[in-house]
Amino acid sequence: MTTTKTADVDGTLSQVYALAAAGADIVRCTCNEEEAAEGLAQIVPRSPVPLVADIHFQYKLALAAMEAGVQALRLNPGNIRKPEQIKTVAREAKDRGLPIRIGVNAGSLDPDIAQQHGGATPEALVASAQRELAYFADVGFEDVKISVKSSNVPVMIDAYRLLSDTVDFPLHLGVTEAGPLPGGLVKSTVGIGTLLAEGIGDTIRFSLTADPVEEARAGRQLLETLGLRERKGLDLIACPSCGRAEVDVIRVANDAQDALADRNIPLQVAVMGCVVNGPGEAREADLGIAAGRGKGHLFVKGKVVRVVPEAEMVDALVDEGERIMAEGIEARLAAADDGAEAEAERTREELLQIQGTDANAADEKIDKIREIAD
C-alpha cells in the first residue's frame, strides 16, 4: 500500500512504480478525501498495476474512486456501517463490474459484534464479514474478496481458518499493524506463511512500519520460498560459520546480498566460510563462493569453476551470476578454469591437515562428557 498523499500524483505514481518493480501485482492507495479521488483519476491511467482504493468512513468517496477508474475497492465494515450506504456502493460496483474487498480489521470492529463475541475474536471477525456479505447479497453483488486481519497472529490464523470453512470467496491474507522490522516481518511471515502452507489465501500484504517497497519484497520472497511464485529475485544462503571459517561470513554474505539484490538475478547463491565443506554442502545452489587460504573458490552446482583472490570474492559472484543469466549454467560449467577443482582440493587437504577433521573440537567435548557421565 502506498504511503504518499494520493493527491500527490507524481509522488504516488513514483511509489506505485517502485512497488511494482519490487514484485507487487496490485497496489492499494488511500482515498480519504475529494482531492485523493481527483488524484486517482490521474494516477490510474498511468499505473503499471491495478489499483485498489482504500475507503474509510465516507461511502461517497467509494463512488468517487470508482468514477476515477480504480480497479477495485476495499471497504472496512467497522467504519461504514449504514446498510443503505453499503448497498449503494455495492450496486454501483456491480454495474461497473468492479470487485470489492471486505476488509475486516480487529482494531475497528463493529462495537455490537465485538460485544456479542466478547472482543475481537476469530468468531467476531468472521461475523463482521458475514454481515457485510448479507448486505451485498441483498443487491445481488458477489464479486467479493475478504480479509479478517488482526495484529494478534494466533487470532489472525484462527480467523482465516474459520472464514475458509465458512465462505467460498477469495481471501486476502495479512497481519495488520505488524510493526517495524524485524518483528513485523516475523509476525507477517508466520501468519501468512502458515495459512498459505495450508492452502488458504489468494492475495497477501505485509503490513510493515517501513518503506512499502519492503512489504512488496517480503511478500515476493515468501511466495517464492513456498514455491507459489516463479523466482524472480535472489535467494542467498550462507553457512552460520564455524571453527573452519576462513573469512567473516556475515560480512561477505551481506556484501554479496547488497551487490546482487537489485540485479534481477533469480538464482540461489551460497556464501560458505570454508572450502572443506562449502561446495559440497551447497552443491544444490546455482552459484556459490567458499573461502580458503586467502582465496575464494567459485563453484557452480557444486563444481569449482574458478579460484579468485579473497578480496575479489563478491565481484566474482556478481560476474558469474550475470554470465549464468546470459549463457546458462551448462555453458558456465563447460567454461570452468582448468585446474580450479584440483587447486580447491589441495586447499581442502591443507586445511584438513592444519585444522584436523574436528575443527570445532567436538570429539574432545564428547570425551569429557563421557568422563562426566562415567
Side-chain angles (χ1 to χ4, degrees), residues 181-183 185-186 189-190 193 221-222 224-225 231 233-261 265 267-321 324 329 332-333 336-337 339-374:
L181 304 173
L185 192 62
V186 172
T189 301
V190 170
Q221 188 169 6
L222 176 61
E224 290 177 356
T225 300
R231 180 166 299 286
L234 172 71
D235 178 21
L236 191 139
I237 63 174
C239 69
S241 194
C242 70
R244 294 196 186 282
E246 292 282 301
V247 294
D248 181 345
V249 178
I250 295 173
R251 178 185 59 78
V252 176
N254 285 334
D255 288 348
Q257 178 85 32
D258 292 342
L260 290 163
I265 296 178
L267 301 176
Q268 186 177 75
V269 177
V271 174
M272 309 301 285
C274 79
V275 75
V276 175
N277 298 318
E281 290 179 348
R283 67 170 56 89
E284 296 304 319
D286 299 305
L287 170 65
I289 197 88
R293 309 293 288 163
K295 298 177 181 179
H297 299 257
L298 191 73
F299 56 90
V300 175
K301 288 295 185 181
K303 177 182 178 181
V304 178
V305 297
R306 203 186 325 165
V307 179
V308 300
E310 184 179 307
E312 298 176 13
M313 290 196 303
V314 173
D315 290 340
L317 276 176
V318 173
D319 176 67
E320 191 64 30
I324 287 174
I329 284 178
R332 297 311 301 158
L333 286 170
D337 289 350
E341 282 201 294
E343 183 175 348
E345 183 58 28
R346 284 195 297 272
T347 303
R348 181 178 183 277
E349 289 300 325
E350 287 177 17
L351 287 171
L352 282 172
Q353 298 217 358
I354 294 169
Q355 299 176 340
T357 57
D358 185 23
N360 292 312
D363 290 342
E364 182 181 343
K365 293 175 184 176
I366 289 170
D367 288 339
K368 290 184 177 179
I369 290 170
R370 288 173 177 168
E371 288 177 14
I372 293 171
D374 290 339

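Please read all numbers here as calculations on a predicted model, not as lab measurements.
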How far apart are the closest heavy atoms of [X] and [Y], and which atoms are they?
X    : Y    : value
A259 : V318 : CB-CG2, 3.7 Å
L185 : T189 : O-OG1, 2.7 Å
E364 : D358 : N-OD2, 4.1 Å
F299 : A270 : CZ-CB, 4.2 Å

Could you state the interatomic distance from [atom1] ([X]) to [atom2] ([Y]), rounded to the nearest 0.5 Å?
X    : Y    : atom1 : atom2 : result
D255 : L260 : CG    : CG    : 10.5 Å
L317 : I289 : CG    : CD1   : 5.0 Å
L352 : T347 : CG    : OG1   : 11.0 Å
Q221 : D235 : CD    : CG    : 7.0 Å

Which donor-acceptor pairs under 3.5 Å do the side chains of residues 291-298 make with protein atoms, sequence neighbours left out?
unit_1: K295; atom_1: NZ; unit_2: E343; atom_2: OE2; d: 2.8

List the steps, then state whether side-chain contact (heavy atoms from CB on, under 4.5 Å) holds for I329 with V300. CA-CA 7 Å; I329 284 178; V300 175; 3.8 Å; yes
Distance-only donor-acceptor hits, side chain of residues 271-287, under 3.5 Å, sequence neighbours excluded:
unit_1: R283; atom_1: NH1; unit_2: G280; atom_2: O; d: 3.2
unit_1: D286; atom_1: OD1; unit_2: K301; atom_2: NZ; d: 3.3
unit_1: D286; atom_1: OD2; unit_2: Q268; atom_2: N; d: 2.8

Considering residues at least two apart in sequence or located in another chain, which fulfil the side chain to side chain contact (heavy atoms under 4.5 Å, CB included) criterion with A342? R346
D319 meets the side chain to side chain contact (heavy atoms under 4.5 Å, CB included) criterion, sequence neighbours left out, with R306, R323
Kindly determine whether C239 and V249 satisfy side-chain contact (heavy atoms from CB on, under 4.5 Å), including the steps that lead there. CA-CA 7 Å; C239 69; V249 178; 4.1 Å; yes
Sequence neighbours left out, what passes salt bridge (Lys or Arg N to Asp or Glu O under 4.0 Å) with R332? Give chain and number order.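 Scan of R332 (salt bridge (Lys or Arg N to Asp or Glu O under 4.0 Å), adjacent residues dropped) gives E320, E327.
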Can you give the donor-acceptor pairs under 3.5 Å from side chains of residues 367-374 to other protein atoms, not counting sequence neighbours?
none

Does any part of the side chain of L234, heavy atoms only, come nearer than 4.5 Å to the side chain of V269, both counted from C-beta?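 SC-SC contact between V269 and L234 confirmed.
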In this structure, are over 12 heavy atoms from other groups packed under 6.0 Å from L333 atom CG?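 Buried by this count: over 12 neighbours within 6.0 Å.
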